Every structure is written in C-alpha cells, then in structure tokens.
*Asks:* 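Just passing along the structure, written as structure tokens.
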Amino acid sequence: MTIDESARDRDRERNRYHFDRHAPGYRDRFEEITHELHARCPLAWTDTYDGHWVASGADVVFDLARSPHVSNDHDVHGQRRGYKGISIPTARRAAMVRGGILEMDDPEHRIYRAVLNPYLSPAAVRRWEPFIDEIVRAALDEKIEDGRIDFVDDLANIVPAVLTLAMLGIPVARWATYSEPVHASVYTPEDSPDMERVAAMHREMGIDLLTNLVEIKENPRPGLVHALTELRIDGEPAPDMELLGMLGLLIGGGFDTTTALTARSLEWLSRHPDQRELLSRERSTLLDPATEEFLRYFTPAAGDGRTVSEDCEVAGTRLEEGDRLWLSWAMANRDPAIFPEPDDVVLDRKGNRHFSFGLGVHRCVGSNVARTVFKSMLTAVLDRMPDFRCDPEGTVHYDTIGVIQGMRKLPATFTPGPRLGPGLDATLTRLQRICDEQGLAAPVTVRPEAAVVD
C-alpha cells in the first residue's frame, strides 16, 4: 500500500516521544520510561538519530520481529536498498562490515545460519560442559584464597571468551586479545578520548582473527572458522569480509552478553542474600526458571534495529518503507500484560516466554551457549563463595545501556577457601591440548561425545 504523507505525519505526531537509549539518563530512568511508553505509545516515533520508530510493547515487538515487511539487511556498499542494519545510529566501526547473520535477510541468512547449527545446538553445547566447568574452576582458584574477586575481570570476562575461541578453533591463550576490545567497544562512546586506544586494540584483534582465518584455510583445524571457510554459495566460497562479519558476531555475541548477565545476576543476589540462599538450596528446581528470569529482567542485549521494507500498518500506526525501527527486547520484557509484577525478580516465574534472545528467524543462535556458561559460573560461585558480598562503592555499570546492559567492575569479598587445582594459565594450556586431541571443536555430527577433562 502507499502511505499518504499527511496520514504518516499525523501518526508520527500522535505517537511522538523523545527517546534516546544511548543517553545516561535512559539507564537511570529505564523503568519509568518503559512504563510511559507502554501506557502512551507502545509503538512510538522519536526524532533522535534522524528519526525512528521505537517498539516497546510486547505484542507490537512480537508482531514486528516476525513481520515479512521488516528487514535486517545492512547494505554496506549501497548496492541494494541502502538499508542500515541493526545499529541505530550506525556505529562508525561497523559501517563497512555487516554484522553476520544478524544483518542478513533470508535466503542468505538461512545459508549462513545452517553452518552454525551443528556447533551450537543443545546437543553440541552439552559436549563442552566439562570444559566450561574447568575454566570456571581455574578462574575461581586464582582468587579463592584471597577472599576478594572482581566478578567481571576475574570470572565473567574470562569464561565466555575462552570457550568462544575454543569453539571457533582459535588458540584459547589469546582470549585477552579478544576480550578487552570487545567489551571496551561497547562501553566506550565513539567521541571518548579513549576510543583511539580501543580502536588500536580492535586492530590487534582484527589482525589476529584474520591471521587465524588464513591459517585455517591453508591448514584446516576443527571449529566454526573452518566451517565458515567451507561454506559455498552458488559454488563459490563466501567473501572474507562476510566471514569476518560472521566471526565478529560470534565473538561479540559470545562475550559481552553472557558477561553482563552473570555480573548483573550476581550483583542482585548479593543484595538479596535470602534469595541467594534459596536458589542455592533449591537449585534442582529453581536454577532453570531463575536463569530465564535473570535473562528477562536484565535483558543483556537491549534490542535491535530494523528497517521497514514495505509500507504496512501495525497497531493502528502506518509505517513507511525505509523507516528505521528499534525493537526493544528489554522493554517488551517489562510489559505487565505479559509478565505480572514485571519490575520484580521472581525466581520461580512460570510461563516465562521472554524476548531476551530475540524472536523469529533471527532468534539468537548462541542461546544454548549463553545459558550453559551462565549456569556453570553461577553455581560455582554459589558453591565456593556462598557468602559473597559485592562492593557497591567499587561497582561500575556501563554508562549507557543502549547496546549491552553490562558492567565494567563488580568487586566482592567472601570467606576464603581452598584451591581445587592448577591456576588459569596452566589450565588453559591443558584445555588446549584436550581440545586438540579430542577434536572438541568439530561439529556434533562428527564428534558427539562430551569432553573428557583429565
């Protein structure tokens, strides 16, 4: 259909709301802003970032995430429709490289995603559980005798990074080369004086990633990198820039989101020791629903951008082809029409069909990894540091939560305990050997057995 310009303008005016999720005030007023949007305009128009729609209501987000009239495409070379992908505004560092399958539409999206499924399915991820538990054990052993830990720096930054590199087929000892720039690029504003340093770290990471890509092409070794190099589209290998975009998505998605979920959850449990004790005591029945509730409440990845690809009407509002659109998973997760007492953490919440992994064909392909890694870190802390207390004075949240609702620092104290094994460096050397000898990074169709950690 063709939208009458005057009708379009009336809809925008009727639903107008000043919304800037990158502003520090959005983090501080998240619940208040969310309540206002739900009550006044669950599909709102904001003039920020050249103007875009903001979907906050659960029903509207659900419909738009599954709509055939909405596109994820990022046309970095201006060869198709000029759409700008999932970032609003488009980040300078992502201007020339697509963000993997999150910035592709079907059928292209389906071709790339099919490559990942044998590595990221529930059965594929279960094989890694002993490996994950050993990384967690070693990270905690580094601090267990001190009675002090930073749950971000000393645990939650490490475990997802090591596992992700192992699954990719990149040496796990390189985890810090990848972890620091990935996190810093999220919490550092593009106009910050520190961005030059962050960009330099990103260049180092990019060089290492490209080096591994070339090495694996020449001398294949198991992992997601190898799987992507084997991909063929109309008989031709995928372009290197597309492979780097896919790998960037896997790294970014595998690192900061799980780190954020773990830190925010541990901070909450520290403030609610009665709930921490309940979760620890009844974890056989509470761990799974509590994980889903932490995912709902904290929503690590706050939302995604889209582009309207065909004139349409949603919730009585006319959208025009080319309109930019923000789908807020975080605000949909607080919709009282779907989630009773949405601003409370209810560890045993029933029917928790949250939006934290997205919806539709672009639902997070790494959701099984995130849940598994989070549960391993959480249960280990509950077992080995049961009386931990986070230090509010030393805690540092991300200044803004427009991309990831994360934390930079989460220091805590606890009653010291005994080490259970070797430290992190020695453990990573051993786990690399195990990974290589057992072919752990192969797809589940080739290697279905769980890791054996000797």
Side-chain angles (χ1 to χ4, degrees), residues 12 15-58 60-61 64-65 84-94 152 183-192 194-195 198 252 256-257 259-261 263-265 267-268 294-306 323-336 338-339 342-345 354-358 392 395-410:
R12 291 183 178 182
N15 295 286
R16 191 175 300 275
Y17 185 96
H18 179 75
F19 179 82
D20 185 354
R21 74 182 198 284
H22 292 295
Y26 177 58
R27 181 175 73 85
D28 299 332
R29 299 179 55 235
F30 170 75
E31 290 185 3
E32 176 187 347
I33 292 170
T34 299
H35 294 166
E36 288 180 359
L37 284 170
H38 286 164
R40 287 174 46 187
C41 43
L43 181 58
W45 174 263
T46 179
D47 290 322
T48 57
Y49 308 116
D50 299 321
H52 63 283
W53 294 99
V54 179
S56 63
V60 175
V61 169
L64 286 168
K84 297 181 180 180
I86 65 167
S87 298
I88 301 176
T90 302
R92 288 197 298 269
R93 63 181 175 274
V152 174
H183 295 300
S185 66
V186 174
Y187 64 70
T188 307
E190 292 198 354
D191 59 357
S192 168
D194 200 38
M195 183 48 79
V198 175
D256 211 39
T257 51
T259 297
L261 175 66
R264 297 293 299 275
S265 301
E267 182 192 35
W268 186 89
F294 288 136
L295 280 162
R296 180 197 71 85
Y297 187 79
F298 294 117
T299 316
D304 285 321
R306 300 285 191 270
D323 282 353
R324 293 290 275 150
L325 168 68
W326 177 256
L327 303 180
S328 177
W329 316 124
M331 291 193 288
N333 278 339
R334 299 296 186 95
D335 192 331
I338 305 296
F339 305 100
D343 296 328
D344 294 335
V345 173
H354 60 74
F355 293 69
S356 298
F357 290 122
T395 297
V396 181
H397 288 257
Y398 286 2
D399 291 337
T400 67
I401 58 173
V403 180
I404 300 293
Q405 305 200 63
M407 301 176 70
R408 295 180 63 177
K409 298 289 181 182
L410 185 59

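What you are looking at is a predicted structure, and each value in this text was computed from that prediction instead of being measured.
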*Asks:* Does CG belonging to Asp50 count more than 12 external heavy atoms closer than 6.0 Å?
*Replies:* no

*Asks:* Below 4.5 Å, heavy atoms only, C-beta onward: do Pro189 and His22 meet side chain to side chain?
*Replies:* no

*Asks:* Between Thr299 (side chain only) and Arg296 (backbone N and O only), is there a donor and an acceptor less than 3.5 Å apart?
*Replies:* yes

*Asks:* State, with a plain yes or no, whether a side-chain heavy atom of Asn15 is found less than 4.5 Å away from one of Trp53.
*Replies:* yes

*Asks:* Starting at CZ of Arg40, measure out to OH of Tyr17 and round the result to the nearest 0.5 Å.
*Replies:* 6.5 Å

*Asks:* Search all heavy atoms of Leu410 against all heavy atoms of Met407 and return the closest pair with its distance.
*Replies:* CD1-CE, 3.6 Å

*Asks:* Is there a donor-acceptor pair closer than 3.5 Å between any side-chain N or O of Arg334 and the backbone N or O of Glu31?
*Replies:* no

*Asks:* Please name the pair of heavy atoms, one in Trp329 and one in Ala301, separated by the smallest distance, quoted to 0.1 Å.
*Replies:* CD1-O, 3.5 Å

*Asks:* Rounded to the nearest 0.5 Å, what's the gap from CZ on Phe298 to CH2 on Trp268? Could you check?
*Replies:* 7.5 Å

*Asks:* Salt bridge (Lys or Arg N to Asp or Glu O under 4.0 Å) between Arg12 and Asp47: does it pass, once the steps are laid out?
*Replies:* CA-CA 10 Å; Arg12 291 183 178 182; Asp47 290 322; over 6 Å; no

*Asks:* Could you tell me whether a side-chain N or O of Arg408 sits under 3.5 Å from a main-chain N or O of His183, the two making a donor and an acceptor?
*Replies:* no

*Asks:* So, taking the atom named OG in Ser87 and the one named OH in Tyr49, what distance separates them when rounded to the nearest 0.5 Å?
*Replies:* 12.0 Å

*Asks:* I want to check something: taking the side chain as every heavy atom from C-beta on, are Leu325 and His52 in contact at a cut-off of under 4.5 Å?
*Replies:* no

*Asks:* Going from CG on Leu43 to CH2 on Trp326, what distance comes out if it is rounded to the nearest 0.5 angstrom?
*Replies:* 14.5 Å

*Asks:* Can you name the nearest heavy-atom pair linking Leu64 to Ala55, along with the distance?
*Replies:* CD1-CB, 3.9 Å

*Asks:* When you measure from the side chain of Thr48 to the backbone of Phe19, do you find a donor-acceptor pair of N or O atoms at a distance under 3.5 Å?
*Replies:* yes

*Asks:* Check for a donor-acceptor pair, side chain of Arg16 on one end and backbone N or O of Ala44 on the other, with a separation under 3.5 Å.
*Replies:* no

*Asks:* Compare all side-chain heavy atoms of Met331 with those of Leu37 and state whether any distance is below 4.5 angstrom.
*Replies:* yes

*Asks:* Donor-acceptor check, side chain of His38 to backbone of Ala58, threshold 3.5 angstrom: yes or no?
*Replies:* no

*Asks:* So which of Thr400, Asp20, Ile401 actually passes side-chain contact (heavy atoms from CB on, under 4.5 Å) with Tyr26?
*Replies:* Ile401

*Asks:* For the pair Asn333 (side chain) and Phe355 (backbone), establish whether a donor and an acceptor sit closer than 3.5 Å, ignoring hydrogens and angles.
*Replies:* yes

*Asks:* Please round to the nearest 0.5 Å and tell me the distance separating atom CD of Glu32 and atom CG of Asp343.
*Replies:* 11.5 Å

*Asks:* Can you find a heavy atom in the side chain of Phe357 that is under 4.5 Å from one in the side chain of Leu295?
*Replies:* yes

